[in-house]
Amino acid sequence: MPADSSYAHLIAELGLALGITGLAPSDEGICQLVFDGRLVVQVVHVGAHGLVLLSCRIADHGLDAPQAERMARANFLQAGRGPVLCAAPDGRPHMQVALELSGCTAGALCPVLESLLDQAESWSRTQAHAADTPGARDPAVFLQSV
């Protein structure tokens, strides 16, 4: 169990809210959830920063240049508010959002998780559409919440 018992308690509460009794983080502080058999969300304790990070991989492949550019445009004016797009060290795209662990509850985490899943689904759909339709509306505009 991770050193921070408040994180372990948060994950247990999240499990109860999702109907998963006995949900617990790994020794490394990771909890992995699968939605609809295809969207995998990792909830990670980033103890050094006092954060809970939710991360959802949105493609099984690396990014090409146009995709990377669309991701960068989607993050413009976001300044860490809500889910942001990023590339993992292996090049695969992820949607991520972080919350401060202190004061975080399952009640606060559930809508953030839902938003992350909605944005990941939306990005995946619009990204596929943009790749198939030259000149289609840039999917980056759908993620800008300003």
Carefully, step by step, assess Gln96 and Leu54 under the rule side-chain contact (heavy atoms from CB on, under 4.5 Å).
CA-CA 6 Å; Gln96 294 184 329; Leu54 287 80; over 6 Å; no
side-chain contact (heavy atoms from CB on, under 4.5 Å) between Met95 and Glu121, worked out
CA-CA 10 Å; Met95 182 80 59; Glu121 184 72 31; over 6 Å; no
For the pair Val43 and Leu113, evaluate side-chain contact (heavy atoms from CB on, under 4.5 Å) and give the outcome as yes or no after the intermediate values.
CA-CA 9 Å; Val43 184; Leu113 176 60; 5.6 Å; no
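Taking Ile, Leu, Val, Met, Phe, Trp and Tyr as hydrophobic and joining them when side-chain heavy atoms fall under 4.5 Å apart, one finds Val34 in a cluster with Val40.
With sequence neighbours excluded, the residues forming a side-chain hydrogen bond (donor to acceptor under 3.5 Å, both in side chains) with Gln42 are Gln32, listed by chain and number. The side-chain hydrogen bond (donor to acceptor under 3.5 Å, both in side chains) test applied to His9 returns Glu13, not counting sequence neighbours.
Ala106 and Leu14 make their closest contact through CB-N, 3.6 Å (heavy atoms, listed as atom of the first residue, atom of the second, distance). Closest of all the heavy-atom pairs between Cys56 and Leu116 is CB-CD2, 4.1 Å. When all heavy atoms of Leu10 and Cys104 are compared, the closest pair comes out as CD1-O, 3.7 Å. Closest heavy-atom contact between Ala108 and Pro111: O-CD, 3.4 Å. Here the closest heavy-atom approach between residue Pro25 and residue Tyr7 is recorded as CB-CE2, 3.5 Å.
Note that the CG atom of Asp36 and the CG atom of Leu117 stand 8.0 Å from one another [nearest 0.5 Å]. To the nearest 0.5 Å, atom CG of residue Leu99 and atom CG of residue Leu51 are 8.5 Å apart. With rounding to the nearest 0.5 Å, the separation of CG in Leu101 from OG in Ser6 is 4.0 Å.
A single hydrophobic cluster is not seen to contain both Leu16 and Ile11; linkage of ILVMFWY side chains at heavy-atom distances under 4.5 Å, directly or through other members, places them apart. Taken together through direct or relayed side-chain contacts under 4.5 Å among Ile, Leu, Val, Met, Phe, Trp and Tyr, Leu39 and Ile20 form part of one hydrophobic cluster.
Side-chain atoms of Asp90 come within 3.5 Å of backbone N or O of Arg92 as a donor-acceptor pair.
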